[in-house]
Every structure is written in C-alpha cells, then in structure tokens.
Amino acid sequence: MSLKSNRLLALGILQNMLSDKGTLSTQLNKITLEHPDANLPLIQEYTYGVCRWYHRLEVILTELMDKPLRKKDQDIHCLLLLGLYQLYYMRTPDHAAINETVALTRRLGKDWASKLVNAILRNAQRKQEALEADSAVPSIAGYSHPQWMITALKNDWPDQWEGILFKNNIQAPMTLRVNTRRIDRESYLAQLAKGDIAGKPGNISTTAIILDQAVDVTQLPGFAEGLVSVQDETSQMVAALLAVEPNSRCLDACAAPGGKTCALLENQPDNLELYALDNSNSRLEKVRENLARLQLQATLLCGNAQDTASWWDGKPFDSILLDAPCTGTGVIRRHPDIKLLRHSEDAPRLASIQQQLLTALWPCLKKGGRMLYSTCSVLKAENTLQIEAFLASTKDATIVDITLPGAIPCHAGLQFLPGQDNLDGFYYALLEKV
Ligand SMILES: C[S@@+](CC[C@H](N)C(=O)[O-])C[C@H]1O[C@@H](n2cnc3c(N)ncnc32)[C@H](O)[C@@H]1O
C-alpha cells in the first residue's frame, strides 16, 4: 500500500473520530481487518500524534488561516492538521511533508484546495519558531489539553496538575503481563532477549515486564499461545489487591475486554469460579478471545450490572471487582483521543453511573467479602469522593487499608497519577462488608 493510501486511511480515522464515530483503537482494529496490507504503525503514528497535539495544532492552524473552512470541507481541515503534525513532529523532510499533503487534496477530489494547503503549510514552515513560541505554556495550546480538563486537574491536584498535563503528552511504554501459570518472568525475559526484544521487570507488579520499545504483539514469543498479555502494571495490581481465595466465587462486574478477568484467573488458578459480566455483547467477544488465547475459563454474562435481577442467581459472591466505566483521564498517554472524545459533562454523568453500580452490586457481596473498586481516572469525583460518599451512605461497608509503592494515599483509597514512575493513572479502593 502506498504512502498516500496510508495517509488517506489515517485521514478517514481522524475524520470519523472527530465526528464521534469511534475511538482510534476501535477504528485501527477495523483497518487491520479490512486492509491487511496497510502500514499500521505509520497510520498509528499519524492518528495518535495528531490527537496528542490536536489542541496545539488547532491554535496554530487558526493563526495561519484567514477564515475557517466550511463544514463540508472538514476533510481538508483534517488534512491540514495531519500536514502540520508531519511538519512539526515527524522526521519527514519539510518539502516531502508539504508535497504529500498537497497531493492528497487531489486524491480527495478537491483540487481547488491544493493552493490553499500549499500556502498554509509553507507559511507554517517559515513561521515555525514564532508559532511554536506563541503556543508555549500556560495555554490550551501549550498544554495541548481541552480547557475543562486543565481546570478539573488544577482543582483536584493543585500541586501536580501541570506535571500530569506534561506527562499525558508523552507516549507510555508497552508493558506485558507474564502468565506465570505458564512461564516465570525471568524465563520470559530470556525468551525476549533471544528475540532481540529489550525489556526489564516492572516496578510494582511481580508479573510485569516493561519493553524498551513497543513491538507488534505477533513478534512477542508465545503471544498466540498465551504466555503474555499487554497490560499496564497498575491494572495488573488489581489481582494482587483483591487477592481472591481458592475455591471461591468472584464477580468481575465490568469485565470487557477482559484484561483484569484474565489477570485474576492467572493469579488464582485454584478452582476459582469467576463470572465476567459486561453490558456489551461485542466487547464480551473480546473477553472470550482473551480467555481462549490464555487457556483460562470464566462464565460470561451479558447484562446491565445495575439490574442485578436480570443476571444474578442470588448466590452471594466472595469477592467483586468493579472496574467502573470512567473518563479515562489516567490513560491519556495511551489514548490521546480521550482529550477529544470526553467532554466536561462526562465526569458528573459517569460519576453518577459509578455510584449506581456500587449501590446495585453491594448486595451481591457476601458478609465478610471484599469489593475492589477501580478506575483509570484521576478525577476525584470518580475516585476518593465517590468512595467517601458510598462509605457514608452504606452502613455495612468499611474501607481496607492498602499500600503500593509510589501510590498517593487519598482520604479513601490509593491513586497513581499518569506518568508517575512511568505508570498509568489509576485508582483503587478496597471495601469490605462487615
Ligand atoms: C473500564 S472498562 C472495563 C475494563 C476491563 N475491566 C478490563 O480490564 O479489560 C468498563 C466496562 O464496563 C462496561 N459497562 C459499562 N456500563 C455497564 C453496566 N451498566 N453493566 C455492565 N457493564 C457495563 C463497558 O462495556 C466496559 O466494557
């Protein structure tokens, strides 16, 4: 597939994402299936890069244009963002970045735009130093985040917000979870070394390996056979914190795509009766695929966790993992499109869903049982404030003290901030029914 075609595919993904027709990762998965000859790493670089720097590129582009393009020419707008990204952030020689972008106007059937695109990008090239200086911090362009997120982070983390914003714009490492039922971490590191893949043990999880450079999973030794999975260390820690007992009954209430379901099963191989529930059938398919690859077993349930009568047989669970739907503000390093797809009203909306999930699932837990509540958010309304409110309104709930190296103790629960020790932003609260 030609460079132009790969750029056209990237352009399509960006346009869809900007009109709320799918996240980058779902669209890239689709491209993998529909265009097996596409250069996925290159398309990924274009699309993730534009999203990472979108708020900065938009400000620069506005300065370079006399007036905005019409709604029906949003493809040209996206093309300009892509061209600017190539010019400022990629190693493509300037003339090639400009010429390739101009050539794409013709592929889009919009020859009229070629002069305009050429003029804007040449101007961007000439004025790069001044334009970049103009978009220095503190500003939306400088931080390359939407204003509502900057304000929310400032409010919740008055001493750390700026660090969070900077680290959100740095790509996260690729981290693996070794399936220690099948191979120990040292032996897997040796297998990686044999394949010339450099990595080192993780800092907080005994099953984690951090790769020096991301690789396609198909290059990982034994990936298809289930020796490893891709998962950040903070997510891996869920299994150690919930510490389910052998011969027990456990519910993973928001399970798909199953990263934590599998981590729980790998951590407790002894006769664990695990139920993986999700309200999305298509996402449950991913859980099924992951379980099959890792040769693990769980009972899959499709249903709304809030409507327990529709899926629960009434037998209490010894432990519950509630990895709740959230804003994802802790994983922007991995999913920069979150900055574009999430809006200020999402935080209170999701906080209300989380509260309903906690309340609905609590009766499913047996007396003496434990529930681990987790999110990949850094907003307090979804984390410590959520759990403080739950504890205040639930007489038979108490919080269990947990510690993890480097995690910030909150009033209730533990928080990792994104990029701290190169980990994802993540929150945990371990609750016990008394
Ligand atoms: C943060 S993701 C879970 C990630 C998963 N635990 C993992 O580690 O792979 C949240 C999941 O909750 C599911 N979900 C959202 N609302 C739900 C509900 N009311 N009942 C059941 N599942 C729900 C979503 O479909 C999504 O798959």
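Order of appearance sets the numbers: ligands from 1, and atoms from 1 within every ligand. Just so it is clear, the values below take in all heavy atoms, side chains as well, and ignore hydrogens, waters and symmetry mates.
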Location of contacts on Lys260 toward ligand 1, heavy atoms closer than 4.0 Å: both

Residue-ligand contact Leu277/ligand 1, heavy atom below 4.0 Å: no

among protein heavy atoms, the one nearest atom 6 (N) of ligand 1 is Asp323 OD2, 2.7 Å

So which bit of Ala255 gets within less than 4.0 Å of ligand 1, heavy atoms only: side chain, backbone, both or neither? backbone

of all protein heavy atoms, closest to atom 17 (C) of ligand 1 is Asn279 ND2, 3.2 Å

Would you say the rings of Trp53 and Tyr89 are close, in the sense that their centroids are separated by under 6.0 Å? yes

Just which atoms of ligand 1 are under 4.0 Å from any heavy atom in Ala324? 1 (C)

Please state which protein non-hydrogen atom is closest to atom 25 (O) of ligand 1 and give its distance, to 0.1 Å? Asp278 OD1, 2.7 Å

Just to verify, which of Arg181, Lys260, Arg182, Arg177 counts as forming a salt bridge (charged side-chain N to carboxylate O under 4.0 Å, His left out) with Glu266? Arg177

For ligand 1, note which part of Ser235 has a heavy atom under 4.0 Å away: side chain, backbone, both or neither. neither

Between Trp312 and Tyr275, does the ring centroid distance fall short of 6.0 Å? no

Can you find a side-chain donor-acceptor pair between Ser187 and Gln191 that sits under 3.5 Å? no

What atoms of ligand 1 come closer than 4.0 angstrom to any heavy atom of Ala305? 18 (C), 19 (N), 20 (N), 21 (C)

Under 3.5 Å side-chain donor-acceptor pair for Gln415 and Asn383: yes

